[in-house]
Protein chains: 2
Amino acid sequence: MRQNLARRTALLDAAIEVLARDGSRGLTFRAVDALAGVPTGTASNYFTSRDELIAQVAQRTRERLTPVESEVRRTMRAPRTRDLVTLLMHQLLDRMRQDRPTYLAMLELRLEATRRPELRAVLVDVFSENLRESIKFHLDADLPGDETTVVLLYLAMSGLLIDDLTVPDVLTPYPYDTLIATMVDRAIGPRDATRQSLT
Amino acid sequence: MRQNLARRTALLDAAIEVLARDGSRGLTFRAVDALAGVPTGTASNYFTSRDELIAQVAQRTRERLTPVESEVRRTMRAPRTRDLVTLLMHQLLDRMRQDRPTYLAMLELRLEATRRPELRAVLVDVFSENLRESIKFHLDADLPGDETTVVLLYLAMSGLLIDDLTVPDVLTPYPYDTLIATMVDRAIGPRDATRQSLT
DNA sequence: TTGACACCACTGCAAGTGTAGTACTACGTT
DNA sequence: AACGTAGTACTACACTTGCAGTGGTGTCAA
């Protein structure tokens, strides 16, 4: 079993590409080797089985999905308005579009998790923590809306991202700009008396 | 090329089961034969290629997803309240749970569509029509909320169904009853003056 | 010099496809 | 009622493909 971390990561990144391009059907050691540009047999040396490869791919996607700290910080200088939440949702969409392969791979993994309990455990962990952090971030930052707001945005944005990944034309009648703005507005709910009087 | 429609349908239903159970990776003529309980080679006689099989599976899922007319009619006797919309969303969830294989197969097809333009065209068609019909139904039935309400519910329920299919434990902290009720309530938005005065 | 890794080639295996051939059934014909 | 034909079910097989795993050799660095 080889230990060279850089090469292992390169192989995992290649595996993500393969997953996105050919689906789990196309995920073989050979394909990973080829796409990583390393000699045939290399992936065999780094992963004992396809299952282990998949497990490590899941971990790697988790790393790749983490947003850049500095950008978030910059965004959060703005006042806590609904527009700011809308902007955050747009940034999520942009992040996805800049790394479609990872999101597609994630989707493949979701399906794979249907058949692999241990993989499902990993994914449940990833998504749960993601949701928990989103809620904490939202509330700590004093953004408008409550916990349910965040959960609803999580669900609606999931639906939107998945549609955009797989059947983009379904939503073309509804321009994302207004769609997301309305989504945010309604997910937050009516302005309560307190907040309204302050603005 | 065999024409026996009953058998063809049986094979397609078997293919849906295979897709749900083993993913697109496991979808082979052999697997379909085995699960349909017919002799090896039968699927070969009915479909010229795996591609054609997949295309016909897409059509078949479309048929299987259509809700039963009578049940809808019964539900729609109730007054046009937010609770009624909530009930409709619950019925959607129930329908999915009673036929997980079809929904899982649909998800597999979504991913497959990423690589097959002609399949994507079919799916875009299915989902677009589904959404259009939902909107028409909602507005014609004079249910509370506007067009955007329906789109938002479509997105949020997509996210919810997919999470429930693949990583159900993520949403366990948020009981579906209250989650869906709130989702509906916010997707509809604030009661406008007119409607409020009528109730 | 030794150990870890890159590279390469070969063997063997497993799976699946497609087809050819046979048997059965139903239906129409004379 | 015997026959013929068409469509289909069933079976078996040959052929191809593609992958996994391993062992051997080269290479670099400590």
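Chain naming here is simple, since letters A, B, ... match the order of the sequence lines and numbering starts at 1 in each. Computed from a predicted structure; not experimentally measured.
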Inset, instruction - Taking only heavy atoms on the protein side, list every residue of residues 47-59 of chain A lying under 4.0 Å from any atom of DNA chain C, sorted numerically. - result: none
Legend entry - Between C1' of dG3(C) and CZ of Arg2(A), the distance in whole Å: 11 Å
Legend entry - Interatomic distance, Arg7(B) CZ vs dT8(D) P [rounded to whole Å]: 11 Å
Inset, instruction - Extract the stems that DNA chain C is part of, considering only consecutive pairing runs of at least three Watson-Crick or G-U wobble pairs, both distances under 3.5 Å. - result: C:1-30 with D:1-30
Inset, instruction - Please tell me which of the listed nucleotides, dA9(D), dT19(C), dC5(C), lies nearest to the side chain of Tyr46(A)? - result: dC5(C)
Legend entry - For atom CE of Met1(A) and atom C1' of dG3(C), their distance in whole Å: 18 Å
Inset, instruction - Would you mind checking if Arg116(A) and Glu112(A) are paired as a salt bridge, meaning a charged N to carboxylate O distance below 4.0 Å? - result: yes
Inset, instruction - Could you tell me the separation between the CD atom of Gln3(A) and the P atom of dG3(C), rounded to a whole number of Å? - result: 17 Å
Inset, instruction - Ignoring hydrogens and angles, state whether a donor on the side chain of Thr149(A) or Arg186(B) is under 3.5 Å from an acceptor on the partner side chain. - result: yes
Legend entry - N-O pairing of Glu71(B) and Arg95(B) below 4.0 Å: no
Inset, instruction - Could you pull out the closest heavy-atom pair between Met89(B) and Ile180(B), with the gap in Å? - result: CB-CG2, 3.7 Å
Inset, instruction - Could you tell me whether the side chains of Gln59(B) and Glu63(B) share a donor-acceptor contact shorter than 3.5 Å? - result: no
Inset, instruction - Check the distance between dT8(D)'s C1' and Asp33(B)'s CG and give it to me in whole angstrom. - result: 15 Å
Inset, instruction - Would you mind classifying the nucleic acid contact of Thr40(A) as base, sugar-phosphate or nothing, using non-hydrogen atoms under 4.0 angstrom? - result: base
Inset, instruction - May I have the distance from Asn45(B) (atom CG) to dT22(C) (atom P), rounded to whole angstrom? - result: 16 Å
Legend entry - Pair Asp164(A) + Arg100(A), salt bridge at N-O below 4.0 Å: yes
Inset, instruction - Could you tell me whether Asp142(A) and Arg80(A) make a salt bridge, using a distance below 4.0 angstrom between a side-chain N and a carboxylate O? - result: no
Inset, instruction - Just compare dC19(D), dG21(D), dA6(C) and give me whichever is closest to any side-chain atom of Ser44(A). - result: dG21(D)
Legend entry - Residues Asp13(A) and Arg60(A) bridged, charged N to O under 4.0 Å: yes
Legend entry - Gap between atoms CG and P, on Leu5(A) and dA4(C) respectively (whole Å): 17 Å
Legend entry - Nearest-nucleotide pick for Pro39(A), side chain only, options being dT11(D), dC7(C), dG21(D): dC7(C)
Inset, instruction - Cation-pi check, Arg97(A) to Tyr103(A): give yes when NZ or CZ is under 6.0 Å from the six-membered ring centre and within 45° of the ring axis, no otherwise. - result: no
Legend entry - Rounded distance (Å) that lies between atom P of dT11(C) and atom CZ of Arg30(A): 14 Å
